[in-house]
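Letters A, B, ... mirror the listed sequences (proteins, then strands); counts begin at 1.
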There are 2 protein chains.
Amino acid sequence: MATLSDVARRAGVSPATASRVINGSSKPVTDELRERVLAAVAELQYVPNAHAQLLARSHRSAVGVIVHDVSDPYFAEITRGLQRVATDQGRLLMICNSYRDPDRELEYVELLRGHQVAALILAGSGYHDEAFTRQLNEKLAAYEATGGRVAVIGRHEHSGDAVMPDNRAGGYLAGRELCGLGHRAIGVIAGPRILTTTTDRLAGLRQALTEQGRELPERRIRYAEFDRDGGAEATARLLDADPELTAVVALNDSMAIGALATLRARGLAVPQQISVLGFDDMPIARDVTPALTTVRLPLVHMGVRAMSLVLGVGAPTPRVEVLPAELVRRDTAGPVPHSTRATAGSAPRARRGGTAS
Amino acid sequence: MATLSDVARRAGVSPATASRVINGSSKPVTDELRERVLAAVAELQYVPNAHAQLLARSHRSAVGVIVHDVSDPYFAEITRGLQRVATDQGRLLMICNSYRDPDRELEYVELLRGHQVAALILAGSGYHDEAFTRQLNEKLAAYEATGGRVAVIGRHEHSGDAVMPDNRAGGYLAGRELCGLGHRAIGVIAGPRILTTTTDRLAGLRQALTEQGRELPERRIRYAEFDRDGGAEATARLLDADPELTAVVALNDSMAIGALATLRARGLAVPQQISVLGFDDMPIARDVTPALTTVRLPLVHMGVRAMSLVLGVGAPTPRVEVLPAELVRRDTAGPVPHSTRATAGSAPRARRGGTAS
DNA sequence: TCCCTGCGGGAAAGGGCTTTCTCTGCGGTA
DNA sequence: TACCGCAGAGAAAGCCCTTTCCCGCAGGGA
């Protein structure tokens with residue numbers, strides 16, 4: 001691999017001069033030398049060693065991002081927003097997938113610190129886990145103490161800058177909508193219990209139901225992985241236990257799509273027999289059939305804001321931006337069926353009783 | 001930011017010893033010193049500077065990946081495969097999105113070279129563009145000359161290791177299926193003309209039709225962006241021009257989903273009135289309604305193979321692995337309707353004529 | 001008792017770049 | 001004519017690590 005001194009030697013100049021030409025330094029260099037250097041660069045296919053550069057330069061430019069999984073549409077959208085701002089400012093992004101593993105998250109914080117990123121963005125739900133939260137905060141504090149900037153998206157644990165989707169309000173919206181449509185037997189397929197996103201959304205939902213004199217008992221909640229298969233499976237369990245359900249709210253759209261699949265497999269018409277509500281409004285939501293009624297979160301905007309926060313000037317007080325959720329009515333939520341399926345519910349019930357046989 | 005010498009000083013040892021403890025060097029260090037160093041590391045929250053390490057160490061470990069867009073399910077799946085192998089081998093991945101911009105692709109090759117990656121993987125269609133191809137090959141050759149390994153996924157232009165999905169065979173499969181179902185008026189919504197993936201798939205399709213004594217005239221092809229909206233829009237244009245179409249094949253699943261949306265909006269029943277075929281079999285394909293009939297490509301496996309090629313021992317001869325395509329029959333392709341819609345076709349035609357008014 | 005061996009530790013040389021500082025030589029002023 | 005100032009180029013000092021090389025010392029064999 002050609003080095004700067006190779007280039008300098010070939011051009012018959014000092015490394016200092018070569019460096020100045022290549023980086024467009026403010027220090028003037030005569031045209032003749034400049035051209036000799038440029039020619040040498042081209043001939044040798046020289047590319048500066050990024051690590052040496054970062055070591056020599058003081059200022060750090062890259063930004064580290066830790067998400068659960070970029071290929072999950074939720075994070076893909078957020079990342080799009082992050083990218084947009086970063087690209088505008090000529091920043092390189094280092095994106096790491098934690099796959100919802102807290103230990104991996106901790107590791108990535110170290111790794112990114114080691115890579116001298118100028119800022120760190122953690123996106124995705126926090127965990128109900130004291131020990132982990134403390135450890136993470138320690139690490140983040142250490143990083144911030146050395147001048148690093150940190151912002152989180154959608155997690156409470158960090159005390160600094162944050163952009164927070166209003167998960168609770170979103171849950172509330174979902175609950176109110178279903179109540180308005182007359183539903184009483186509402187089931188929930190939720191993400192992992194340990195995620196704060198799950199509990200926040202659930203809390204909002206429960207609040208809405210309670211205000212309407214309805215309930216959300218634990219037996220009508222099923223926890224599963226926050227993805228399509230988790231949703232499909234949780235829906236099946238929910239239906240087996242409670243065949244008279246007239247609505248199921250999924251705590252994210254991927255799960256909702258899984259729910260739709262299970263419902264279709266069981267021959268239940270959506271929304272005529274049973275309503276489904278999603279959460280997030282990821283792009284595919286409008287393309288499933290029937291199109292998904294869901295709670296929209298401004299995902300791209302969340303990314304944009306977080307990156308702006310972290311790249312902008314530091315504020316004395318930590319800034320917390322709460323971004324509103326919004327209900328998007330499409331075709332999966334309808335009024336509660338007049339003849340509830342409770343009468344026909346004897347068949348599934350029989351099946352449950354049948355486990356004794 | 002604490003440095004190694006800070007740690008050494010605090011522990012009362014030399015930087016050499018500190019380094020040995022931290023990296024678990026083979027050289028023995030007494031337990032007492034080891035503990036002093038470890039304590040200092042913890043107290044100072046020391047994290048080694050990755051750039052300095054990479055500079056000091058000779059061996060390069062990270063792998064660079066250039067894709068069109070990780071959040072596109074096609075690349076998300078491939079990336080999953082790449083990740084799997086990379087993680088197994090303790091390699092860090094640097095993933096860059098070119099957003100199908102050739103210039104950006106060139107830039108990223110430089111950038112990754114500068115970051116001293118041990119290998120480079122380019123995934124995604126090549127371009128019908130001589131000048132670009134030549135430039136890219138020059139850059140790759142320069143990189144390989146310095147010991148870098150390169151593999152491409154799904155592009156012809158590179159002369160080295162490659163894993164190639166059999167796009168042409170896939171197109172052929174799609175064509176044969178449709179012919180078998182009796183379709184004659186087949187439209188195609190294709191990705192950008194400049195992509196080799198587009199032309200390969202098209203070529204296979206055309207071959208199948210020709211063999212069956214059918215044709216694929218240019219007027220039955222519409223080129224658009226390789227995404228959902230591109231597919232929706234191309235389908236609209238196609239239908240406007242040719243209302244008697246009984247089948248449309250989309251050159252990827254995202255476009256197929258767009259096609260489904262347009263068809264639904266126009267009240268055309270799939271597959272009763274019109275059949276739709278996709279390509280790729282991305283995960284969502286089975287969850288749209290009706291479930292998408294499509295040509296499956298082993299996306300994850302493609303990633304696995306490419307990474308294995310590049311991380312494995314070099315072969316004297318470039319290795320090209322062609323991975324087969326496979327037809328997945330679901331619910332969007334059916335037999336050609338008996339009463340062709342040609343009779344009802346007058347309405348759209350009238351609409352087109354109406355542009356004169 | 002002396003010498004050799006080997007272990008544990010430190011000194012120092014890079015690795016490739018940026019940047020400050022220094023030096024040379026030229027044009028311009030007194 | 002002597003001197004000052006400055007433009008343009010190079011020397012060299014880092015940046016933070018790893019790793020080779022070397023040294024001192026303790027223990028074992030002759």
Side-chain angles (χ1 to χ4, degrees), chain A residues 1-38 40-41 44-62 110-118 146-147, chain B residues 1-38 40-41 44-62 110-118 146-147:
Chain A
M1 196 93 181
T3 71
L4 184 65
S5 21
D6 295 336
V7 172
R9 201 172 315 123
R10 181 162 195 128
V13 301
S14 73
T17 303
S19 170
R20 290 198 262 261
V21 170
I22 290 168
N23 297 303
S25 143
S26 60
K27 194 142 193 188
V29 176
T30 33
D31 285 347
E32 198 213 321
L33 291 197
R34 172 183 312 283
E35 284 186 16
R36 293 224 304 265
V37 170
L38 259 18
V41 166
L44 296 175
Q45 296 255 35
Y46 170 73
V47 179
N49 182 321
H51 301 296
Q53 276 186 319
L54 268 87
L55 196 55
R57 280 203 251 269
S58 48
H59 87 229
R60 326 247 157 261
S61 150
E110 301 270 273
L111 183 115
L112 291 170
R113 251 186 89 191
H115 278 262
Q116 312 298 110
V117 292
T146 63
Chain B
M1 197 93 181
T3 72
L4 184 65
S5 22
D6 294 336
V7 171
R9 201 172 316 122
R10 181 162 194 128
V13 301
S14 73
T17 303
S19 171
R20 289 197 263 262
V21 170
I22 290 168
N23 297 302
S25 143
S26 59
K27 191 141 191 186
V29 175
T30 34
D31 284 348
E32 199 213 322
L33 291 198
R34 170 181 314 282
E35 283 187 15
R36 292 222 307 265
V37 170
L38 259 20
V41 166
L44 297 175
Q45 295 255 37
Y46 170 72
V47 178
N49 182 321
H51 301 295
Q53 278 187 319
L54 266 85
L55 195 56
R57 280 203 251 268
S58 48
H59 88 229
R60 325 248 158 261
S61 148
E110 300 272 89
L111 183 112
L112 291 170
R113 250 187 90 191
H115 278 264
Q116 312 297 111
V117 292
T146 63

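Nearest heavy-atom pair, B:Q45 versus A:R113, reported as atom, atom and distance to 0.1 Å: O-NH2, 2.9 Å. Summarising the geometry of B:H115 relative to A:H51, their closest heavy-atom pair is O-NE2, 3.0 Å, with the distance given to 0.1 Å. A pairwise comparison of heavy atoms in A:V47 and B:E110 identifies CG1-O, 3.5 Å as the closest pair. Taking both residues in full, the closest heavy atoms of A:R57 and A:N23 are given as NH1-OD1, 4.1 Å, listed atom of the first, atom of the second, then distance. Among all heavy-atom pairs drawn from B:L4 and B:P15, the shortest one is CD2-O, 3.7 Å. A pairwise comparison of heavy atoms in A:V37 and A:V7 identifies O-CG1, 4.1 Å as the closest pair.
Dashed line: the shortest gap from a side-chain N or O of B:Y46 to OP1 or OP2 of D:dC17 is under 4.0 Å.
Side chain of B:S5 to main chain of B:A8: no donor-acceptor pair is present (N/O by atom type, distance under 3.5 Å, no hydrogens or angles). A donor-acceptor contact shorter than 3.5 Å is absent between the side chain of B:T30 and the backbone of B:E32.
In this structure, A:K27 atom NZ and D:dG8 atom C1' are separated by 7 Å, rounded to whole Å. What separates CG of B:L44 from P of D:dC16 is a distance of 14 Å, to the nearest Å. Taking atom CG on B:D6 and atom C1' on D:dC16, their separation rounds to 10 Å, with Å as the unit. The interatomic distance linking B:L4 (CG) with D:dC15 (P) rounds to 14 Å, in whole Å. When the P atom of D:dC15 is taken as reference, atom CG of A:L55 falls 9 Å away, rounded to whole Å.
Of the residues in residues 29-38 of chain A, not one comes within less than 4.0 Å of DNA chain C through any heavy atom. Residues of residues 47-54 of chain A having a heavy atom closer than 4.0 Å to DNA chain C, listed by number: A:P48, A:N49, A:A52, A:Q53. Residues from residues 10-20 of chain B placing a heavy atom under 4.0 Å of any atom in DNA chain D, listed by number, are B:A16, B:S19, B:R20.
Between B:L33 and B:V21 there is no side-chain heavy-atom pair separated by less than 4.5 Å.
Interatomic distance, A:T3 OG1 to A:R9 CZ, rounded to the nearest 0.5 Å: 6.5 Å. We find the CZ-OG distance between B:R20 and B:S14 to be 6.5 Å, quoted to the nearest 0.5 Å.
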